[in-house]
Amino acid sequence: MRAEDDFHRRAGALLRAAANDLKRDDENAERELALEQGSFAEYTAGTRPVTWDLMRRAAEVWPLNERDLLPGHDDCPAGVRITRHQESVASGRVLSRGGEPYYEYRDTAMSRIASYRPEWIRMLRVVEDDDPDNPLVQWNRGHLLYQFTYFIGPVNYYYRWNGVSHCVPMNTGDSVWGLPFAPHSFASRSKTEPACILALTYGGSLLGDAQRELAVLGNATTRALAVPLDGAARRPGAMIRSFMDAGAVTVAELADRTGLTRERAEELAGGAVPPDPEELDLLAAALGVSVRDLLPPRTGTADGVSLRYARDARSWVWPDEGAPAYRMTRLAGDPLHPHTSALRVDVLADTAERSAPLTTYQHQYLYVLGAEPVSLSWEFGGRRVEETLAPGDSAYVRPQVPITFAAAEEGRRAQILLLRISGSVTPEVRYAVGTMAAGGVDRYVAEDRLWYS
């Protein structure tokens, strides 16, 4: 199926799903949207393109947003999307800070399916010290996206948190993970050595519908909904109180449901003390939720960042020591984002037959480091594909697509940066899809019928 036809089919499925949710059959939909008789079935079947004008009318007449009717574009129909080094170089542009050239940016592999925005960035400003207040350093204002950074060469990393500036000298193989809207900058420590970074930014669950909903609700509501992860907020009290408010449960009622004393229920709901495991089970049952819903995430960041030096990074072979295909090295990350994985992969297998496939539920980004090419093979849609990636090449890989790395030439050990991130398909969505009635998955992906016969 052509990409354009597939897009129209999915747009039609969204229109059908919306009409079903609002309990409109074809006749009522046509009357309310001022459509000609028999056309709604053509729109929902994908045989007639859903137009911008139709989306606008639906959003005016029905309690919808245009976004609810917009499908995503599939720009990765082969399972993997490759960007060659020459394409990255051709995308190069120099951005100035303070009136002088500061960075050279180059695009690397991206896809409309995933939320990450990966850039190769070369530092054009050279400094001779590690002073965080060096006047040569030009700071940004921070940005919405989380950022994983991999360092190549002698790069100074500058970051600011709560008004305090820091400078950390970084070298090849070092990495960092940082929180949104924290000002930061980079500079080279050498006039002769290459100094660059791979800056892989992504929005995670902050982007999309959540951001649009909070933008409508406004600043005050967003601040009220925010749950800090410091001090008492590390305890489950905030979530316990939130579920109590949602169910209109009083402290007295919570105590009665759990069998705890009123004083103890008050302490737990207020976050004064953490519950023990038995109390967590009682609270979850009393509130009608899972224990995991009450537990706040953990963060290991200090001053908004998580640093990992190459000398301290943990390495291991995969899939086993008897027949190792790769050596994996864990790079910077944080428990706040458990579905983000950053790895450096040293390819040990000489051939694809002696290698092993890597498969994950995450979206994957890969970049060929060093000076050696690598053979990349994958399977998708019943086809097996093999490509040689040169140094500086990069690729995007769809979730659940098995990929295999092997030496492109015998004896040449390639090295790859592999970043994996979750998309909009959260664990909650995966559980929800897994509990649907028989036949529900296919209709969830693309609704193809009226909800009644």
Side-chain angles (χ1 to χ4, degrees), residues 95 97-98 102-103 115-119 121 123 125 127 129-152 154-171 173-189 195-207 210-211 214 219-220 222-235 238 271 296-313 330-342 419 421:
L95 271 64
R97 301 272 180 90
Y102 200 74
Y103 292 141
S115 73
Y116 68 77
R117 301 290 179 261
E119 303 283 355
I121 308 174
M123 283 69 252
R125 181 65 49 85
V127 296
D129 58 43
D130 303 331
D131 180 4
D133 297 315
N134 188 319
L136 293 176
V137 177
Q138 299 291 319
W139 294 74
N140 65 19
R141 298 173 179 171
H143 48 63
L144 163 62
L145 304 180
Y146 297 93
Q147 180 164 321
F148 168 85
T149 306
Y150 184 86
F151 295 87
I152 302 172
V155 178
N156 273 6
Y157 170 51
Y158 303 87
Y159 63 98
R160 185 176 292 146
W161 192 256
N162 290 333
V164 179
S165 299
H166 306 264
C167 175
V168 183
M170 306 295 268
N171 296 286
D174 296 340
S175 56
V176 66
W177 184 90
L179 293 168
F181 294 119
H184 55 277
S185 189
F186 306 91
S188 172
R189 297 194 305 275
C196 59
I197 62 172
L198 290 166
L200 309 173
T201 56
Y202 65 99
S205 56
L206 286 178
L207 293 181
Q211 185 185 26
L214 290 172
N219 293 351
T222 302
R223 290 192 181 96
L225 291 172
V227 181
L229 284 178
D230 53 11
R234 290 182 182 271
R235 304 166 188 154
R298 184 170 59 88
T299 179
T301 58
D303 296 324
V305 303
S306 176
L307 297 163
R308 182 157 295 159
Y309 298 105
R311 64 177 180 269
D312 301 324
R330 185 184 180 192
L331 304 176
D334 190 73
L336 186 63
H337 275 205
H339 303 289
T340 298
S341 310
L419 180 70
I421 65 170

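All residue numbers in this chain count up from 1 along the given sequence. In what follows, every heavy atom counts, from backbone to side chain, and hydrogens, waters and symmetry copies are set aside.
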Return yes if some donor-acceptor pair links the side-chain N/O of [X] with the main-chain N/O of [Y] below 3.5 Å, else return no.
{"X": "Y157", "Y": "H166", "answer": "no"}
{"X": "N140", "Y": "H184", "answer": "yes"}
{"X": "T201", "Y": "R117", "answer": "yes"}

**OP:** Taking the six-membered ring for Trp and the full ring for Phe, Tyr or His, determine whether the centres of H337 and Y146 are under 6.0 Å apart.
**Re:**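 Yes, the ring centres sit under 6.0 Å apart.
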Original post:
With sequence neighbours left out, what residues match R308 under salt bridge (Lys or Arg N to Asp or Glu O under 4.0 Å)?
Top reply: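 With neighbours one apart ignored, the set is empty.
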**OP:** Say whether N156 and D130, considering side chains only, have a donor N or O and an acceptor N or O under 3.5 Å apart.
**Re:**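 There is such a pair between these side chains.
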Original post:
Do Y309 and S175 meet the criterion of a side-chain donor-acceptor pair at a distance under 3.5 Å?
Top reply: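 No pair is found: no donor N or O on one side chain lies under 3.5 Å from an acceptor on the other.
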Subject >> Exceeds 12 heavy-atom contacts within 6.0 angstrom, atom CZ of R330 >> reply: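 At most 12 heavy atoms, drawn from other residues, nucleotides or ligands, come within 6.0 Å of this atom.
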Original post:
Taking it one step at a time, do N171 and R189 satisfy side-chain hydrogen bond (donor to acceptor under 3.5 Å, both in side chains)?
Top reply: CA-CA 10 Å; N171 296 286; R189 297 194 305 275; 2.8 Å; yes
Original post:
Got a sec, which residues hit side-chain hydrogen bond (donor to acceptor under 3.5 Å, both in side chains) with T149, two or more places apart in sequence or on another chain?
Top reply: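 Listed in chain order: Q147.
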Subject >> With Y102 via side-chain hydrogen bond (donor to acceptor under 3.5 Å, both in side chains) - residues at least two apart >> reply: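 For Y102 the side-chain hydrogen bond (donor to acceptor under 3.5 Å, both in side chains) partners, ignoring immediate neighbours, are S185.
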Original post:
When you look at S306 and D334, which way does the side-chain hydrogen bond (donor to acceptor under 3.5 Å, both in side chains) test go after all the steps?
Top reply: CA-CA 7 Å; S306 176; D334 190 73; 4.8 Å; no
